[in-house]
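Read through the structure below, which is laid out as structure tokens, and then see the notes.
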Amino acid sequence: MNGKKIPDEQVNQLLQLANWAPTHGRTEPWRFFVYAGDKVKEFCYQHAELYKALTPSAKFEQAIYDKQLHYGDLASHLIIAIMQRGNSPKIPVLEEIAATAAAIQNILLGVSATGIAGFWSTSGMTHHPVMKVFLELKKEDVVMGMLYLGYSDEQPEGKRQTTMEEKVVWK
Ligand SMILES: Cc1cc2nc3c(=O)[nH]c(=O)nc-3n(C[C@H](O)[C@H](O)[C@H](O)COP(=O)(O)O)c2cc1C
């Protein structure tokens with residue numbers, strides 16, 4: 001990314017797309033925390049500090065700390081996507097996660113259609129229980145990932161290992 005900023009209003013429009021994801025039982029489990037400007041760097045610092053605090057000193061790697069610290073340096077916004085588990089036991093967790101992933105993909109499609117660069121990351125402490133504590137989530141909620149948004153001077157690689165023909169069977 002090149003450090004260029006996206007107007008907050010445009011990020012709001014991208015978030016609106018998320019609300020049209022499919023949702024079994026209308027539980028609408030997707031939730032988002034949005035960080036802009038200096039708040040992105042602030043979060044990255046806190047993320048790196050969580051890694052340091054939770055990693056035994058024998059296993060601690062300065063390179064991993066630095067990676068987390070600088071992850072968002074050139075990003076414009078960071079969106080943390082959460083699956084907030086509803087209280088409808090008839091809807092399996094898998095489907096709540098699937099609905100939230102669809103909401104995230106709606107954002108990424110909007111990102112791609114408007115020339116924004118987006119990156120879905122689950123690096124560092126994303127899946128560690130401490131992240132739920134940090135974000136004040138319930139145990140049943142799931143941190144689905146961090147979406148870093150910004151602008152890039154590079155074209156996306158658009159690389160896939162195998163074609164769709166190899167993944168589809170017409171019965
Ligand atoms: C749930 C999920 C988590 C991901 N986490 C990471 C990550 O932590 N680090 C990483 O390099 N790529 C991660 N990726 C992959 C990138 O977001 C991206 O899809 C990949 O680099 C391929 O780029 P493309 O989808 O634009 O072709 C993740 C993807 C998904 C779906």
Side-chain angles (χ1 to χ4, degrees), residues 1-4 6 10-11 14-15 17-24 28-35 40-52 54-55 59-85 92-132 134-135 137 140-168:
M1 288 179 186
N2 59 19
K4 197 178 148 199
I6 308 164
Q10 208 174 332
V11 173
L14 292 168
L15 287 160
L17 300 175
N19 218 22
W20 296 103
T23 167
H24 193 176
E28 300 172 25
W30 46 84
R31 296 291 183 275
F32 302 96
F33 294 117
V34 184
Y35 299 76
V40 178
K41 279 191 183 172
E42 221 171 274
F43 172 82
C44 290
Y45 168 72
Q46 289 162 331
H47 192 174
E49 285 294 308
L50 285 176
Y51 165 70
K52 191 192 265 183
L54 273 292
T55 308
K59 284 198 170 167
F60 176 82
E61 285 182 47
Q62 187 62 40
I64 296 179
Y65 180 92
D66 291 343
K67 183 182 166 193
Q68 291 312 322
L69 182 64
H70 295 296
Y71 220 100
D73 280 3
L74 294 173
S76 167
H77 289 69
L78 163 64
I79 299 175
I80 303 185
I82 310 295
M83 183 284 278
Q84 187 181 82
R85 179 67 173 146
V93 173
L94 172 68
E95 296 191 3
E96 301 275 65
I97 290 173
T100 308
I104 292 170
Q105 179 67 354
N106 278 3
I107 294 176
L108 293 178
L109 288 173
V111 159
S112 172
T114 51
I116 293 171
F119 184 73
W120 183 348
S121 164
T122 48
S123 72
M125 309 302 276
T126 304
H127 291 316
H128 192 289
V130 74
M131 189 54 77
K132 291 191 198 182
F134 177 76
L135 296 171
L137 305 179
E140 319 83 85
D141 300 340
V142 175
V143 181
M144 298 284 297
M146 324 264 172
L147 310 181
Y148 288 88
L149 305 184
Y151 287 102
S152 174
D153 299 324
E154 292 165 32
Q155 288 299 313
E157 255 190 325
K159 200 175 109 190
R160 287 296 178 263
Q161 312 286 358
T162 57
T163 63
M164 267 317 284
E165 285 68 31
E166 293 167 81
K167 292 162 181 141
V168 177

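Counting convention: from 1, in listed order, for ligands and their atoms alike. What you are looking at is a predicted structure, and each value in this text was computed from that prediction instead of being measured. These values consider heavy atoms only, across backbone and side chains, with no hydrogens, waters or symmetry-generated copies.
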Handout entry: Any protein heavy atom nearer than 4.0 Å to atom 20 (C) of ligand 1
Key = no
Problem - Heavy atom of protein inside 4.0 Å of atom 26 (O) of ligand 1, strictly below - result: no
Practice task
Could you check which of Tyr71, Tyr148, Trp120 puts a non-hydrogen atom nearest to atom 29 (C) of ligand 1?
Solution key: Trp120
Problem - Best match, Met144, Lys159, Arg160: closest heavy atom to atom 23 (O) of ligand 1 - result: Arg160
Problem - Residue and atom name of the nearest protein heavy atom (relative to atom 3 (C) of ligand 1), distance in Å to one decimal - result: Thr122 OG1, 3.3 Å
Practice task
Distance to 0.1 Å, residue and atom name: give those for the protein heavy atom nearest to atom 18 (C) of ligand 1.
Solution key: Phe119 CE1, 4.4 Å
Problem - Ser123 neighbourhood, listing ligand 1 atoms whose heavy-atom distance to it stays under 4.0 Å - result: 8 (O)
Practice task
Flag yes if more than 12 heavy atoms outside Gln62 fall under 6.0 Å of its CD atom; otherwise flag no.
Solution key: yes
Practice task
Please say whether more than 12 non-hydrogen atoms of neighbouring residues, nucleotides or ligands are located less than 6.0 Å from CD in Glu166.
Solution key: yes
Exercise for the section: Would you confirm whether Lys132, through its side chain, and Asp141, through its main-chain N or O, come within 3.5 Å as a donor-acceptor pair? Expected result: yes
Practice task
Classify the side-chain pair Thr162/Lys167 by whether it contains a donor and acceptor separated by less than 3.5 Å.
Solution key: yes
Handout entry: Donor on one side chain, acceptor on other, Gln68 and Tyr45, under 3.5 Å
Key = no
Completion exercise
Which of Phe119, Phe43, Tyr71 passes ring pair (Phe, Tyr, Trp, His ring centres under 6.0 Å) with Tyr148? It is Tyr71
